[in-house]
Enquirer: 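First, the structure itself, so that you have it in front of you.
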Amino acid sequence: PAARPLPAGATRRRELRLQRRAERLRNLWRLVVFSGLSAGLAVVLLRQGWILRDPAQVEVSGSRIVSRDQVLQAGHLHFPLPLLELRPRQLGDTLAAALPVEQVRVSRWMLPPRLRIELVDRQAVARAERHTPAGLETGYIDRLGNWINQRQSSGVHIQPVGDLVVSGWNERHRAVLATVLAQRQAFGGGLKAIRFEPDGSLWLTTSSLGSLRLGPPDGQLNRRLAAAAHLNQTLPAQLQGKRPQLIDLSDPDQPELSLQGAAAATGPASTGTATAGPATAGPAATGATGGTGTGNGSGSTPPKPPGGR
């Protein structure tokens, strides 16, 4: 028997299904074509578009003493330079180690392709010395206690503030040195020298008190610095122009003061050692311990530092 014709509604639904199938195929074809074009364009951009071809594409800002040429030389940057092959963190570490800068920030920019390097200059606050296998080396110290050698300072102008000198610098002393430098204003500009002994003991020299032994740089460092600053402000007036031989602040609660006594008529000058007494000082001789004569300095009692027992 002859096939019966489909109803009009069924024929219409069949045509719509075929149209939707054809539309899906066209969309799939468009996706494949556009994906291929995008991948090809990306390859072209990666190989040709994001490449630094000229030093002018390297932007250096923030520094008044470091030029772009110094950055290119220190970072070993050669052109053409594929931008995506460059590692910003690694380049920043390289520049920080080679240049007299405190901070380096490196960022890559794609449109237009360029490399941006932001620098923060180091400020040398002291001259410094350190012992190396080759002998004594001189350089500078920044406010964070970092060493600036002659190679890093070559070609730039570094002018230390004041006449402070740091002796015996070592990498392990950097944090301690930064702490001392941060509190140098408490000495009213009188801090002249910072010295680290081979065993790590810290010594300061001030214009009014001479040598101060702060002992090992342990957890008591801030208290010792506070005691040193307190004595620097209060002790010179009590010494009446005399200068101590040594102030030992190893124990910040009981500072020890060694003075050069007045010269005796028949012998050499006598010396005395005084330790801090109660918060309210008693008679001059109360704090004297171990004096060998009757010189003026043998009975001086240094003021009680802040926070003492």
Side-chain angles (χ1 to χ4, degrees), residues 38-161 165-178 181 196:
S38 299
L41 180 60
V43 171
V44 172
L45 286 176
L46 290 176
R47 292 186 176 181
Q48 303 296 330
W50 291 333
I51 292 181
L52 302 181
R53 302 183 180 277
D54 189 87
Q57 293 176 279
V58 178
E59 300 177 358
V60 178
S61 61
S63 175
R64 296 179 296 176
I65 59 177
V66 178
S67 66
R68 178 164 54 195
D69 291 339
Q70 287 177 295
V71 170
L72 297 179
Q73 182 178 1
H76 308 289
L77 301 178
H78 306 285
F79 302 92
L81 175 64
L83 198 56
L84 293 183
E85 293 182 5
L86 189 144
R87 299 291 180 263
R89 179 173 296 181
Q90 181 179 354
L91 177 59
D93 293 341
T94 300
L95 294 177
L99 296 174
V101 293
E102 183 176 303
Q103 183 179 355
V104 181
R105 181 179 179 183
V106 179
S107 56
R108 298 174 297 184
W109 293 75
M110 302 304 181
L111 295 174
R114 63 190 186 277
L115 180 66
R116 179 173 294 175
I117 301 176
E118 301 175 55
L119 307 175
V120 177
D121 287 335
R122 286 184 185 176
Q123 181 182 0
V125 298
R127 293 180 175 84
E129 301 174 348
R130 67 176 178 180
H131 293 280
T132 67
L136 186 65
E137 180 184 1
T138 59
Y140 301 94
I141 295 296
D142 68 9
R143 67 180 184 88
L144 299 179
N146 296 307
W147 179 267
I148 305 175
N149 58 35
Q150 297 296 333
R151 179 178 59 85
Q152 291 172 325
S153 61
S154 177
V156 300
H157 180 67
I158 300 181
Q159 180 62 47
V161 178
V165 177
V166 178
S167 303
W169 185 93
N170 190 288
E171 178 64 29
R172 70 177 184 271
H173 300 145
R174 186 175 56 82
V176 174
L177 184 55
L181 292 174
F196 291 96

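In this chain, numbering begins with 1 at the start of the sequence shown.
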Enquirer: Rounded at 0.5 Å granularity, tell me how far CD1 in Ile117 sits from OG in Ser61.
Expert: 9.0 Å
Enquirer: Work out which heavy atom in Leu136 is nearest to a heavy atom in Glu129; give both atom names and the distance.
Expert: CD1-CB, 3.9 Å
Enquirer: Under 3.5 Å, side chain of Glu85 to main-chain N/O of Leu81, donor-acceptor pair present?
Expert: no
Enquirer: I would like to know whether Leu177 and Trp147 meet side-chain contact (heavy atoms from CB on, under 4.5 Å); could you show each step before the answer?
Expert: CA-CA 11 Å; Leu177 184 55; Trp147 179 267; over 6 Å; no
Enquirer: So does Gln73 have more than 12 non-hydrogen atoms from other groups sitting under 6.0 Å from CD?
Expert: no
Enquirer: Flag the pair Phe79 / Leu52 as yes when at least one side-chain heavy-atom distance between them is below 4.5 Å, and no otherwise.
Expert: yes
Enquirer: Please assess Val104 against Leu99 for the test side-chain contact (heavy atoms from CB on, under 4.5 Å), listing each intermediate value before the final yes or no.
Expert: CA-CA 10 Å; Val104 181; Leu99 296 174; over 6 Å; no
Enquirer: Flag the pair Val166 / Arg130 as yes when at least one side-chain heavy-atom distance between them is below 4.5 Å, and no otherwise.
Expert: no
Enquirer: Once rounded to the nearest 0.5 Å, what's the spacing between atom CG of Leu144 and atom CD of Gln103?
Expert: 10.0 Å
Enquirer: Hey, does the side chain of Arg114 reach the backbone of Pro112 with a donor-acceptor pair shorter than 3.5 angstrom?
Expert: yes
Enquirer: So, for Gly145 and Trp169, which heavy atoms are closest and what is the spacing to 0.1 Å?
Expert: O-NE1, 2.9 Å
Enquirer: Between Val66 and Leu95, does a side-chain contact (heavy atoms from CB on, under 4.5 Å) hold up when you go through it step by step?
Expert: CA-CA 11 Å; Val66 178; Leu95 294 177; over 6 Å; no
Enquirer: Leu83 and Met110: which non-hydrogen atoms are nearest, and at how many Å?
Expert: CD2-SD, 3.8 Å
Enquirer: Relative to each other, are the rings of Phe196 and His173 parallel, tilted or perpendicular (30° and 60° limits)?
Expert: parallel
Enquirer: For Asn146 and Arg174, run side-chain contact (heavy atoms from CB on, under 4.5 Å): C-alpha distance rounded to whole Å, both residues' side-chain angles, the deciding distance at 0.1 Å, then the answer.
Expert: CA-CA 6 Å; Asn146 296 307; Arg174 186 175 56 82; 2.9 Å; yes
Enquirer: Are any side-chain N or O atoms of Arg68 and backbone N or O atoms of Val58, one a donor and one an acceptor, separated by less than 3.5 Å?
Expert: yes
Enquirer: Please find the pair of heavy atoms, one from Gly62 and one from Asp121, that lie closest to each other, and give the distance.
Expert: O-OD2, 4.3 Å
Enquirer: Are there over 12 heavy-atom neighbours, none belonging to Glu59, within less than 6.0 Å of that residue's CD?
Expert: yes
Enquirer: Quick one: closest heavy-atom pair of Arg122 and Ala96, and the distance?
Expert: NH2-O, 3.8 Å
Enquirer: Answer yes or no: is there a side-chain heavy-atom contact under 4.5 Å between Leu72 and Val60?
Expert: no
Enquirer: Rounded to the nearest 0.5 Å, how far does CG of Leu115 lie from OG of Ser107?
Expert: 7.0 Å
Enquirer: To the nearest 0.5 angstrom, please state how far the CG atom of Asp142 sits from the CD1 atom of Ile148.
Expert: 5.0 Å
